[in-house]
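Structure, as C-alpha cells:
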Amino acid sequence: MVELREMPPLRCTLLQAAAEVAATLGHALPAPLTATGTMLWLGPEEWLLLDEPGVPQGPASLVDVSDRYRGLVLHGAGAAEALNEGCPLDLADAAFPPSSCTRTLFGKAEIILWRPAANEWRILVGRSFAPYLLALLREVLDDLPPG
Amino acid sequence: MTRLVSGGRIDRTRPLRFSFDGRGYTGFAGDTLASALLANGVHLVGRSFKYHRPRGILSAGVEEPNALVEIDRGAGRREPNVRATVVPLVEGLVARSQNRWPSLRFDLAAVNGLASAILGAGFYYKTFLGPGRDAWHKRWEPLIRRMAGLGRAPEAPDPDRYANRYTHAEVLVVGAGPAGIAAALQAAASGGRVMLCDEQAEMGGSLLAEPVAWPQLAADLATLRANPRVTLLPRTTAFSYGLQNFVALTQVVEAAGGLRERLWQVRAGRVVLATGALERPIPFSGNDRPGVMLADAARHYARRWGVLPGRNVAALVAHDTGYAAAFALQDAGAAIATVLDMRATAPDDLLAEAAQRGIRVLPGHGIAATRGRQRITGLLAAPRGADGAPDATRATPIACDLLLMAGGWTPSVHLFSQARGQLRWDAGLDAFLPDAAREAVTCVGACAGEGLTPGLPVTQLAAGSARARKAFVDQQNDVTTRDIALAVQEGFRSIEHVKRYTTNGMATDQGKTSNMLGLAVVAGELGRSVPEVGLTTFRAPYTPISFGAFAGRHRGLLFDPIRSAPLHEWATQQGAVFEPVGQWQRARYFPQAGEDMHAAVTRECLAVRNAVGIFDASTLGKIEVTGPDAALFLERCYVNAWQKLGIGRCRYGLLLREDGFILDDGVVGRIAADRFHVTTTTGGAARVLHMLEDYRQTEFPELRVWLTSTTEHWGVIALQGPRARDVLAPLVEGLDWTAFPHMAVAECRVAGVAARLFRVSFSGELGFEVNIPASQAPAVWQALLHAGAAHGITPYGTEAMHVLRAEKGFIIVGQETDGTVTPDDAGLTWLIGKAKPDFIGKRSLSRPEMQRADRRQLVGLVPRDGTTLPDEGAQLIASAGSRVAEGHVTSAYRSAALGHPIALGLLASGRARLGETVLATSLTGPPIPLEVVAPVFLDPKGDRLRG
Amino acid sequence: MSGFSAVRLLREALRGQTGWGQQWRSPDQPQAAYDVVIIGGGGHGLATAYYLAKGHRVGRIAVLEKGWIGGGNTGRNTTIIRSNYLFPESAALYDHAVQLWEGLSQELNYNVMFSPRGVLMLAHNVHDEQSFRRHVHANRLAGVDNEWLDAEACRAFCPPLDIHQRRYPVLGGALQRRGGVARHDAVAWGYARAASALGVDIIQNCEVTGITRANDGAVTGLSTSKGQIRAGKVGVVAAGSTSLVMAMAGVRMPLESFPLQALVSEPVKPVFPCVVMSNTVHAYISQSDKGELVIGAGTDQYPSYSQAGGVHILSHTLEAICELFPMFRRMRMLRSWGGIVDTTSDRSPIIGLTPVPGLFVNCGWGTGGFKATPGSGHVFAATIARAEPHPIAAPFSLGRFTTGRLIDEAAAAAVAH
Amino acid sequence: MLLIHCPWCGERAELEFRHCGEAHLARPTNPATLTDAEWAEYLAFRDNHRGWVRERWRHVHGCGRFFNALRHTLTDRFAASYKTGEAWPEPPA
C-alpha cells in the first residue's frame, strides 16, 4: 500500500551562486541530481537550502522562498508506480537511487521530486498547485491495484 | 447448435447469458461475442456502409471489418463500432447491430445495392451540383450524412475513469504468440525489465488453436508470471511506435471500481515486434456473404472456442494453410464439400491427405458466384481462364453453409513502419518484410516472414477479378474491384490517390484485410509490379483507441490545475463570485444581499474612493532580481532607467518584446543596492521570467545577476483609499512614516509579521500593498479587516479594480494592449530611460511603421449622452456611414465616482483629436457618439495619492 | 472537359462506367519551356494555375508536384472554412475566399461539398469574451457575418456541447454562419481537372532541385528531377517546403515549418452539426459527411519536416475534446497524421513579389491555409499575371517584416491559427 | 515524445523542455547601427533548414538551463547537446 501525507511547513531559501561561493556557506554541496539532508541540487549553480543559509563569501543570491512550496510525502513500495502515473522519469533504483533529487513534472504541475530513502518520496510543489496535486494523487492511489 | 461437445479453451462450467438485438443467448467464459454468436448459429451481424449488404463474421481478431456492434453497459457506457471478435463475453452483455433500419434482417437501405452501378467510387463528386449554389448543403448533404456513419455516438457522459503510466523497460515485446513468448523468456533471462503485451484476452496467439501446444504454453506463461522483472499485459494493444522507442499501449482494465483503461507510455531500450501475420481474403463475386470466413479464423473457432461455424464447408485455397483449416474442421465434425485450389497444381502431400480424408480437390479453380442472401448457401466453382478469371460457362454448383478463404499471409509491419523502418518486397514470400530499422527494434516470427511459406502471389489472387461483379476488396466501405479499376481509369494512379478516391482501406480496420488486394488490383490495371505501386503510409493507431485513454485523468476539476490565491477560502465564505484568469481563480466581486455585479462593483468602488478597500493581489507575478549587476541587467531589459533608483523607492516598469510591442508591466521596488522586487501581470508571470532568464543566461552571461520566482512565496494585500493609512498605521512597527512617500517600499512588521510594505496605487487613491509570506496572509488580512471595521473597510474584487484603474487611465496589458501597441501608442514614452544605449525592443521603435502619425493612441472616451455604455471591442469610426475602423474600445465601465460611463480606447492619431466626436459601433443599435478626451478621468494631478 | 452531372452519371452507369476519362492530364514529362511554372501541386498551387489559365492570358502554364497532387497540407488539414479574422486586411482576404467557396462546385463542375454549417468559437473567460466580441464588431464593420451568442444559445446551436464544464465553463461564443467545411481531396482534384481542361500541364513526381537565373538576377527556369524547364515566371506555392525552394534562389524567408497534427474518429451517425473551436480549452472539431469526427489542435513545439506526431500532442487535444463533449470519451480515434505548416511571426500569409524578378511566393498560411484556397489562388494568379500585388494581397508583402507593418492575428486572439 | 539529452541532467522526456528557436542568432551588440532590413533578419528571418539544424532548448521543468542542440529536422534525431557558448560540433556525415 502507498501512504500519502503532507509535510509540515518548510523553511527554505533558494541559493544561486558559483559552486565555490556556495561551498562557503558551510553545507556539504550535494552532487548534481542529488540532495543531502538539508540541501537540494536543482541545477548548476542552484540549490534549495532547508535550513538557515548563513553568509556566502562572494557574489551569490539568497532568497527566502519558504512559503513558495508545500511538501507531500509518498511512502511505500508502490510509490514509484503511483508517481509514474504523472511523472515521465525512470524511477527504478538504478536510474533514480535514494538521495536522488530533481525538478520534473507530475501531470500539469512542476514539482521537485526528492527520494531521501528507498521507500520515501518527497514532493515539493508550488503552493497554489498543491490542491490539484493532492486530488490527482488521491485518485491515482485509489486505482492502484492492491498489493 | 454448432457448439462442439468438447474441446476449446472455454470454461464450460461458467455459462454466460447475453443478448444480441434483444434476443437472449448463452455462451461460456472464454468466448468472445463472435464465438458465442457463432455457437448459437448467428452469422448475420451487420450491414455494410454504402450498399447495406448483409455482413457476417469474417475473422477471429482485430482485423474484423464486418462484425461491428454497439455494446451497452448502462448509462454513459454505450459505445459504437466494437469488433465482436475481440470483446470477451461477460454475464449480461448487451450488444446490438448497427447501420440498419428498421431491423438487421429487413434493412430498407439495402435498396442501395440495386443502384450499385451508379453508386460506384467517387459518384458524389460528379453529381449533387444543383439546383442552385447551396444544393449540396441544403438538399443532398443531410441525406448523405444520414446514410453514412456506422454506429450511434454515445449520448451520456462517460462515468468511467482512465489512467496513465509512464514506464521504462529494457525490452518491450509486442505480441504474445510463440515468437513473442520465446523473445520474452530470452529477455527475462538477461535480468532487465521486460514487458510482454498482447491485444487478446489470452496470451498464446496462434498456439491457442494448437491444443497439443497448450501445456508448454501454460508452463512458459507461468515462468514469465513468476519473474518480478516481467510485466505481462493481456488485452493491451501497442498502437503507436514513436521516436527513440517511445511506444504507447492501451490496456483494457475494466476494474470493478470504474477504472476502464490505462494508457502505458513506454520508453524501451529495445523493442521486439512479434506481431504475426494476417490472412488475406480473396476477391470474387459475392465474396461478402455471411458465412464466408477466413480459413484460419474458422480453424480458431473450432479449436480455440469449440464452435463449428458451418456443417457443410467449402474452401477456396491459394495457400497450403487452407488445407490445414479444412482438415481441422473435418476433424471437428464438419463435412468438407470441396477444396478449390486456385493454383494449377497443389502439393502432393496435401492432395494425398485430402484424398485419404475423402475430400474432393479441384486445382486451378476459382469461384464465379455465390448464393444465399443472409447466409451463404452455395457457390459456382469454375476453372480459371488464362487471365485468372473463373470461366462461368464451365461452372459447377456446390452447396455449402461455410466458405473458407485462404488467400495467403500478410506480415504485420504496421508498427515497424510507424517507427520509420524501411520495408523490402520479398518476391519469394510475396510480401513486404521489415528491412533497415531506424530504431533499436528486431522483428521475429511471422511479421518478419519467419515460418511463412509462399502461396499464390497476390497479383494472381486478384487476376481477372477487376471486371467481376460485386467482388469486394474493402467489405466495410463496400469497395469493389471495379471501383479500384475505375479509379485507375480516371487517372488516380498513385496508391494514395486510389485509396482516397475509393475509400479502400479507410474503414475501421484501416486496410488490414483490403490494402494488399487493392494494391494487387492497381498493379494489374497499371501493368506494374506490387513494389513499384507501393503501400500507403502506416499511421497510429494500429487499432482504434478510445479518446478517454488519451485524456486520462485530466478531466473535470483535474482538467487543468486550479490555482487559488491565499485568501480564496475567505473570499468563498464571503460569497465572492470568481473568474478564471489563466489557471488562477480570482474573486471578481463580493455581492451582498440582492446585489448584481453592477450594484456590488459600484459599492466597492465608492468604498475605495471614500473610505478604504482591501483586495487580494497575490496572483501578480513576483521575481526577486539579485546580484551586483541587478540594476544594469534590468536596464538592458526594461525600457526604464534603474541604476539611479534609490533604495526603498519604486518605479512603474515596462517590458517590450524585441519587435517593440508591450509585453508586460509592473511596479519594481529597490529593496537594496543588489536586490529588486519585480512584479509582473498575473498572466505574464511565467512568460516574463522565462524571457528574462533567456537574456540572463545567453545574451548577458557576463553579468552577475540571478532571478528567483517568489510569486507563490508572497501573499499581497492591497489597501486603497483615503483612510488606508489610518487602518494600517496602528498595525505597523519599524517604519518611518515621514520618509515613506508615494512609490516607496520598506521592510517592516505588519500585524506582527515581517513584511515588505509598498506605497503604490493602482486605484489612484492613497494606497499600500502589504507583502507577507503567503501562509501569513489570512491572519494579516483578518487583522486589517478588524482594524478597518471602524473605517468602513470593504473587500473588492477584480471588476472594481478594473473600474478604479480605468478612472485613472492606467492600462491593463492584454486589454489595452494586444501585442501591436508600442510605449508611445499607450502614452508611456515618459517611462523610457532616455540616456540608455539599448533595451529589449528599442531598435524596433525606430522602424518606419512605428513612426507613423496615424498610429492608434490611447485615449479616453465619454458618451455624448452621458449614459450609454459602449461595448468593449466596439470599433471606432469617424461617421455613421463609414466602414473604416480607426480604432476600438478597449475598456468600458460605469463610473460611480464620475457619475457617467467612461471608456479607454486606441484611436488613430488619438492624442491630436481630443474634443472630437467619434462613433462606437453597436451590435444592437445605431453607433454611439463618444467624445475623445484625455485618458485620465479622475484627479489628473494625483493629489489623492499624497493624502 | 466531359461535364459531370446526375444525367451523365446515369448514362455512364448503363455503359459499365467505361466512358469516364482521366479527370486531369498527368503528362509524364514536362515540356521544355512554359510561360509560368507553379511549384507545388496542393490546393493553392492548382487554384493559382486554374485562375491564371481562366482569367489571364499568360501562355503555357505548368504545375510541378514532387509527390501526388493534394498530398501535402491539402490532404492533411481539418477542412475548416471561415473568414472571421480580426484585421480588415485579413477579413478581406479570407472573405474573398469564402465568397469563391460559395460557388466553387458549380465553377469547377466538381462537388467540393462546401457546407456552410457555422463555425462557433467558444469563450471560457472574460479575456476570450472581450477578444471575440471585438472580432464580431470588426467583422460586422468589414461586411463579414459574425454574431455573439450567450452560453445557452451556443448549446442550442451545438447540442453535444457541455456549457457547464466544471473547469472552464462556456461563457458564450462568436458564430460565423457562413463558415463551415469542405472535402479537401475534392478541392485539389476539382481544380486539377478544371486547370487541365484549360491546357495546364500537371506534372507529378517532379521535384524542383534548382532555380536558374540570368545574370541580371531574373528567373529563367528550373532544374527538376525530370530535367531542365525554362520559365518566364515562377510561383512558389510549396507550403512547408517554401524555405527550401526559395533558398534555391538565394532568398531567406521569415518562416518556420512546424508539424501540425489532426485525427479522425471512427464513423458514427450524424451527431455534430457544426464546427466548434476553442482557444482556451484548445481544440477544434467537426463531423465529416462520412460520419468521422475530424479533430485538430495546435502545432508541435519544435520545427520539423518529419510529418510525425506524438501521443502527448494527441492527449492534449483529446482531453480538451472530452472536456467540451463528455459523451465522446468512449469514441475511438481511427487515424492520426501530421502536416508541415509554414508559420510567420504574425501568423499571416505572404503573397507577392520577391527580391528576385520573375519569382513570386505564396506561403506562410500556418495552420489556416485550407480555408483560403480559392481566394489565395485567385489573388496570386492576378499578382503573377500583372507582376504587381493584387489589392487584396498587397498588405501581405514580404517587405512588411522589414517595415514592421505586421498583421498580427495571433496576438489579437492569442490563438494558434 | 522526444528524448532530449540535457547537458546537466542527462536524458529527459520532451515534456520537461521548451524549444527556443534557432541557435547562434546572437543578439547584435549595437542594434542602433543596423538597417531596418538587417534588424528584420535578426527578428524574423530564419534558415528553416531541412537537415541538421542548431537550435536552442531550455530544460524548463528541470535544471532551468538554456542549451543548444544539433537535431535533424527530417528524422528528429539528436546528434548532440552542448552548453551555450561552447563551439558547436559538426553534424555527422
Side-chain angles (χ1 to χ4, degrees), chain B residues 79-81 117-118 120 125-129 133 136-137 141 144-145 148-158 240 248 486 490-491 494 496-497 500 508 539-541 544-548 550-551 554 556-557 559-560 579-580 818-820 847-850 872-875 883 885 888 921, chain C residues 4 6 9 13 17 20 22-24 26 68 71 102-103 105-106 110-111 113 115-116 125-127 130 133-134 137-138 141 166-167 185-186 266-271 289-291 310-311 314-315 318-319 321-323 326-337 403-405 408 411-412:
Chain B
E79 55 184 296
N81 304 342
I118 300 170
Y125 298 124
K126 300 171 181 163
T127 183
F128 305 132
L129 293 169
R133 289 183 3 152
W136 167 255
H137 177 56
E141 181 178 49
I144 292 286
R145 290 194 68 177
L150 290 171
R152 297 180 301 173
E155 276 153 10
D158 178 1
S240 167
L486 176 63
E490 293 197 71
S494 150
E496 296 279 0
H497 274 157
R500 284 164 174 72
T508 56
R539 295 239 181 250
I545 300 297
S546 71
F547 286 8
F550 284 100
H554 299 155
L557 292 175
F559 172 69
D560 204 24
E579 65 160 320
D818 62 6
T820 66
R847 302 205 300 186
E849 179 54 22
M850 309 297 204
E872 286 177 348
Q875 303 294 290
R883 306 302 292 248
H888 70 282
T921 56
Chain C
F4 283 170
L9 195 60
Q17 310 276 14
W20 299 110
Q22 289 188 336
Q23 293 202 0
W24 66 85
S26 193
W68 37 283
E102 284 161 348
S105 293
Q106 289 69 34
Y110 204 98
N111 183 11
M113 303 183 199
S115 171
N125 53 49
V126 172
H127 174 73
Q130 286 167 342
R133 289 180 73 90
R134 178 181 170 190
H137 276 280
L141 195 62
R166 299 166 65 198
R167 185 63 186 84
D185 294 328
E266 293 177 318
V268 287
K269 290 301 176 191
V271 64
D289 292 334
K290 291 209 318 256
V311 167
L314 299 177
S315 289
L318 290 173
E319 72 192 27
I321 290 293
C322 290
E323 207 54 28
M327 80 289 284
F328 287 164
R329 215 171 283 277
R330 280 178 114 90
M331 286 291 292
R332 277 184 294 279
M333 177 175 93
L334 173 61
R335 189 171 175 84
S336 70
W337 62 88
T403 62
R405 185 155 181 72
D408 203 332

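Just so it is clear: chains get the letters A, B, ... in the order the sequence lines come, proteins before strands, and each one is counted from 1.
- Contact between C:A13 and B:A117 at its shortest, heavy atoms only, is CB-O, 3.6 Å.
- Taking the six-membered ring where tryptophan is involved, the planes of C:Y110 and B:Y125 are essentially parallel, since the angle between them stays under 30° and well short of 60°.
- Contact count against chain B (heavy-atom pairs under 4.5 Å) is highest for C:R330 among C:E266, C:Q17, C:E319, C:R330.
- In this structure, C:M113 CE and B:F128 CZ are separated by 8.0 Å, a value rounded to the nearest 0.5 Å.
- With rounding to the nearest 0.5 Å, the separation of CD in B:E490 from CH2 in C:W20 is 7.0 Å.
- Minimum heavy-atom separation, B:A551 to C:R329: CB-NH1, 3.8 Å.
- Side-chain contact check for C:V268 versus B:P154: every heavy-atom pair is 4.5 Å or farther apart.
- No donor-acceptor pair closer than 3.5 Å links the side chain of C:S105 to the backbone N or O of B:L129.
- When heavy atoms are compared at a cutoff of 4.5 Å, B:Q875 approaches chain C by way of both its backbone and its side chain.
- C:R332 contributes a side-chain N or O that, together with a main-chain N or O of B:N81, makes up a donor-acceptor pair within less than 3.5 Å.
- For a residue to count as touching a neighbouring chain, one of its non-hydrogen atoms must lie under 4.5 Å from one of that chain's; by this rule B:E155 touches chain C with the backbone only.
- Panel note: side chain C:R167, backbone B:D560; a donor-acceptor pair is recorded below 3.5 Å.
- Side-chain contact between B:F550 and C:V311 is present, with at least one heavy-atom pair separated by less than 4.5 Å.
- In this structure, the side chains of C:R133 and B:E872 stay at 4.5 Å or more apart for every pair of heavy atoms.
- Both the backbone and the side chain of C:Q23 come within less than 4.5 Å of a heavy atom in chain B.
- No donor-acceptor pair closer than 3.5 Å links the side chain of B:E79 to the backbone N or O of C:M331.
- For the atom pair C:W68 CH2 and B:H497 NE2, the distance stands at 6.0 Å (nearest 0.5 Å).
- Counting only distance, with no hydrogens or angles, the side chain of B:R152 and the backbone of C:V271 share no donor-acceptor pair below 3.5 Å.
- Both the backbone and the side chain of B:H554 come within less than 4.5 Å of a heavy atom in chain C.
- Both the backbone and the side chain of B:L150 come within contact range of chain C, judged by heavy atoms closer than 4.5 Å.
- Comparing C:L314, C:D185, C:L334 by heavy-atom pairs within less than 4.5 Å of chain B, the highest count is held by C:L334.
- In this structure, chain C has a heavy atom under 4.5 Å from the side chain of B:S240, while its backbone stays farther away.
- Within the 4.5 angstrom heavy-atom criterion, atoms from both the backbone and the side chain of B:A153 approach chain C.
- With hydrogens and angles ignored, the 3.5 Å screen pairs no side-chain donor or acceptor of C:H137 with any backbone N or O of B:G873.
- Contact annotation for B:T921: both backbone and side-chain heavy atoms come within less than 4.5 Å of a heavy atom of chain C.
- Here the CG atom belonging to C:N111 is positioned 9.0 Å from the CD1 atom belonging to B:I144, to the nearest 0.5 angstrom.
- Between B:I545 atom CD1 and C:R335 atom CZ the span is 14.5 Å, to the nearest 0.5 Å.
- Ranked by heavy-atom pairs shorter than 4.5 Å toward chain B, the options C:A138, C:P116, C:G291 are led by C:P116.
- Of the listed residues (C:Q106, C:E323, C:Q130), the one with the most heavy-atom contacts under 4.5 Å to chain B is C:E323.
- Using a 4.5 Å cut-off between heavy atoms, C:D289 contacts chain B through both its backbone and its side chain.
- Contact annotation: the side chain of C:S115 approaches that of B:H137 to within less than 4.5 Å [non-hydrogen atoms, C-beta and beyond].
- When every heavy atom of C:L9 is checked against every heavy atom of B:K126, the shortest pair comes out as CD1-CD, 4.1 Å.
- C:T403 and B:E849 get closest at one heavy-atom pair: O-CB, 3.0 Å.
- In terms of non-hydrogen atom pairs under 4.5 Å with chain C, the most contact-rich of B:G491, B:P580, B:A156, B:G151 is B:G151.
- With chain B as the partner, the residue from C:C322, C:S336, C:A6 showing the most heavy-atom pairs under 4.5 Å is C:S336.
- Heavy-atom pairs under 4.5 Å with chain B peak, among C:K290, C:E102, C:K269, C:R166, at C:K269.
- Within the 4.5 Å cutoff, the side chain of C:M333 has heavy atoms near those of the B:F547 side chain.
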